[in-house]
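Given the structure is predicted, the values throughout are model-derived calculations rather than measurements. One-based numbering, in listed order, for ligands and for the atoms of each.
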Amino acid sequence: MRRRLAEVEAIARQASEPTFDNTVVALERSGPLLTRAVNVFFAVVAANTNDTLQRVQSEEAPKLAAHNDAVYLNDRLFSRIRSIYDRRDALKLAGEEKRLVERYYRDFVRAGARLPEADKVRLRALNQEEAELTTDFQKRLLAATKAGALVVDDRAELDGMSEAEVAAAAQAGKERGLVGKYVIPLQNTTQHPAQASLRNRAVRQRLFEASARRAERGDTNDTRAVVRRLAKLRAERAALLGFPTHAAYVLDDQMAKTPEAATDLLNRLVGPATTRARSEAAKMQAVIDSEGGGFRLAPWDWQYYAEQVRRREYDLDEEQLKPYFEVGRVLQDGVFFAANQLYGLTFKGRKDVPVYHPDVSVFEVFDADGKSMALFYTDLFKRDNKNGGAWMNSLVGQSGLLGTKPVVFNVANYTKPAPGLPALLTFDDVNTLFHEFGHSLHGLLSQVRYPTLSGTNVARDFVEFPSQLNEHWALEPSVLANYAKHYQSGQPMPQALADRIKQTRTFNQGFATTEYLAAALVDLDWHSLPANAPEQDVVAFERQSLRKHRIDLPEIPPRYRTPYFAHIWYSSYSAGYYAYLWSDVLNHDSYDWFTEHGGMTRANGSRFRDMILSRGNTEDPGTLFRAFRGREPSIEPLLRERGLK
Ligand SMILES: [Zn+2]
């Protein structure tokens with residue numbers, strides 16, 4: 001930080017007239033050591049933390065926030081940026097250069113560069129506090145999720161689980177020093193995959209409650225006070241920056257532009273999604289009643305009975321699929337194979353590159369012409385010291401200016417098999433692998449000059465588009481045939497089974513869309529509070545928000561409840577969880593383009609690579625999309641794909 005500040009000071013204090021090179025390019029070149037340290041540090045802290053790293057994080061997060069403010073609230077520097085920005089047409093800058101100048105100007109203004117000094121002081125204090133609170137939230141949530149794991153004493157209570165799942169639960173118990181007990185660790189979502197197989201209703205209920213209430217137990221892991229303060233603080237900061245709400249501030253810089261546009265898209269789906277969810281619930285209630293269950297479907301029953309319905313309607317059971325989805329094969333013969341078919345990429349394992357944990361693997365990536373172009377890391381198994389969910393990020397971003405090749409990684413939380421057993425995935429897990437690799441492609445195939453505009457440094461509601469599009473290839477017949485092979489016999493998945501996966505694509509989409517919409521709407525409501533609103537009761541606020549949007553189905557709680565909604569309190573998705581749906585519109589519409597033009601061909605892949613994946617943020621995302629699709633996005637393909645029409 002000290003070195004970068006010295007570099008930035010030198011740029012700001014130059015006597016010569018501001019030029020693109022001596023100011024903007026100089027800033028792009030500044031702080032390589034800090035970038036390197038920060039990228040590595042936060043990658044490891046998210047995926048493999050410990051007490052020391054957490055302490056360093058708590059100490060450094062507010063210092064990093066202050067460092068950022070020292071750059072963006074530097075008056076001399078801002079006046080140089082503004083001078084270049086005001087002359088941007090006269091300077092006849094090329095497209096990417098002009099976009100970069102506009103990006104810098106916008107970033108400075110959004111960070112408060114135009115504010116009077118007294119407001120800057122207040123802004124710095126709010127940014128400090130936010131950095132402390134988000135770090136605190138992450139720490140509490142990690143501890144709450146670990147502590148919330150379901151401990152089962154009696155193997156009989158796991159009735160319904162496969163041998164491999166029971167072995168994994170026993171292993172998880174052993175790792176926690178609970179020998180002879182069984183542990184089901186919590187995922188980051190409200191619902192858990194184990195719910196689909198657990199026959200014992202009381203155990204399902206215990207697992208659900210452990211998950212849904214993990215961070216509101218009134219202990220040191222309770223996040224509610226942090227959340228209340230964060231929402232209030234963000235509203236105050238937005239007001240300082242001239243916006244009515246934090247959501248308005250965030251959305252101003254996104255493809256959606258306004259909270260109204262995002263809310264409108266979500267609301268358009270509430271009716272179709274809940275209608276479909278209610279009919280899904282009715283089918284499950286019929287199963288319960290036919291078995292003489294004598295109870296009403298509850299949230300902890302949903303996945304179990306969904307699985308029963310799926311078996312009856314489609315004769316398909318998750319356990320039949322898993323032997324065909326061994327993780328190594330899915331990655332190499334599925335995910336990598338698809339990238340080879342579309343973009344000509346090849347991958348070679350590298351054992352000589354140092355890693356932070358034995359579960360991490362490294363691959364060198366080669367372009368179609370055989371040139372080495374990048375490194376790709378995977379870290380796929382669940383650990384108690386890893387944040388929940390799955391994500392992609394970069395250790396090194398691509399840049400023509402800096403001559404850097406991308407180093408990107410994917411992290412997931414797949415159940416780690418007991419020693420000696422293969423890691424077999426659900427089809428959801430397979431989808432996640434394709435999804436995260438779609439983000440990786442956006443990083444790997446970047447061909448941009450300036451680091452600020454490179455790879456996945458794009459609007460939140462655009463960044464999920466390449467990753468969602470990549471999910472489609474998991475079911476492409478030529479790809480599926482290449483990776484879905486039995487882990488023991490090597491036999492390909494029978495065609496009838498493959499067909500059934502496709503037939504069930506819209507199965508349970510009422511539920512999936514509803515739990516997502518609920519979370520996305522609650523996020524927008526939290527961040528639509530004005531600065532003068534009092535601090536809110538977290539649980540009551542969430543309940544009111546769900547009721548207001550008519551998405552308060554008792555059987556379908558939000559995918560993340562407020563106290564463990566890491567996307568919006570810790571990751572940078574505040575007022576941005578809607579982005580998955582926004583991007584999904586672009587995704588399905590683009591997949592239709594592929595279908596209309598001959599499907600998964602190298603030519604089509606090259607076109608997508610040239611027009612989207614390689615472009616980073618060098619153009620407005622709407623412009624990039626329209627150039628690729630040939631028109632404005634249409635919502636119709638999404639409605640069709642989710643069976644909501
Ligand atoms: Zn994603």
Side-chain angles (χ1 to χ4, degrees), residues 42-43 46-47 187-189 250 254-256 262 265-266 330-331 334-335 338-339 376-380 382 386-395 397 406 408-414 425-446 454-475 512-513 515-517 519-520 523 558-560 565-591 608 612-613 615-617 621 624-625 633 638 641-642:
F42 284 102
Q187 311 267 338
N188 61 336
T189 47
V250 169
Q254 299 293 312
M255 203 173 156
L265 175 66
L266 298 173
V330 177
L331 180 68
V335 172
F376 172 65
Y377 289 54
T378 59
D379 177 5
L380 302 177
K382 183 161 181 65
K386 191 191 262 190
N387 286 345
W391 62 92
M392 166 272 181
N393 217 328
S394 299
L395 294 170
V408 310
F409 60 91
N410 282 172
V411 181
N413 272 281
Y414 298 146
L425 305 182
T426 64
F427 186 65
D428 259 5
D429 293 337
V430 171
N431 245 320
T432 300
L433 206 57
F434 277 86
H435 176 100
E436 296 308 331
F437 193 73
H439 287 304
S440 292
L441 286 167
H442 205 179
L444 296 172
L445 298 178
S446 176
S454 157
T456 54
N457 290 330
V458 299
R460 276 272 164 262
D461 51 9
F462 188 73
V463 79
E464 296 300 329
F465 159 41
S467 52
Q468 289 167 336
L469 183 79
N470 206 52
E471 290 179 37
H472 286 278
W473 314 124
L475 279 180
T513 308
E515 68 158 6
Y516 165 82
L517 290 170
D523 166 33
R559 184 170 168 81
Y560 305 97
F565 203 166
H567 283 83
I568 67 167
W569 303 120
Y570 163 66
S571 304
S572 46
Y573 277 73
S574 60
Y577 194 61
Y578 79 93
Y580 288 93
L581 190 74
W582 189 276
S583 294
D584 212 23
V585 171
L586 310 180
N587 156 38
H588 288 300
D589 203 12
S590 296
Y591 184 69
F608 190 68
I612 305 283
L613 292 175
R615 303 296 302 278
N617 195 17
L624 287 180
F625 178 85
L638 174 135
E641 285 302 304
R642 293 190 182 217

- With a 3.5 Å cut-off and no angle check, do the side chains of Asp429 and Thr426 form a donor-acceptor pair? yes
- Query: Do any of the N/O/S atoms of Glu436, backbone or side chain, fall under 2.8 Å from the Zn ion (ligand 1)?
  - Reply: no
- Between Asp428 and Asn431, does any side-chain donor sit less than 3.5 Å from a side-chain acceptor? no
- Message: Using a 3.5 Å distance criterion without hydrogens, assess whether the side chain of Asp461 forms a donor-acceptor pair with backbone atoms of Gln254.
- Response: no
- Item | Test item: Arg460 side-chain N/O and Ala575 main-chain N/O as donor-acceptor pair under 3.5 Å | no
- Task: Using the Zn ion (ligand 1) as the apex, give the angle to atoms NE2 (His439) and NE2 (His435), rounded to 10 degrees.
- Result: 100°
- For the Zn ion (ligand 1): the N/O/S atom of Glu464 at shortest distance: OE1
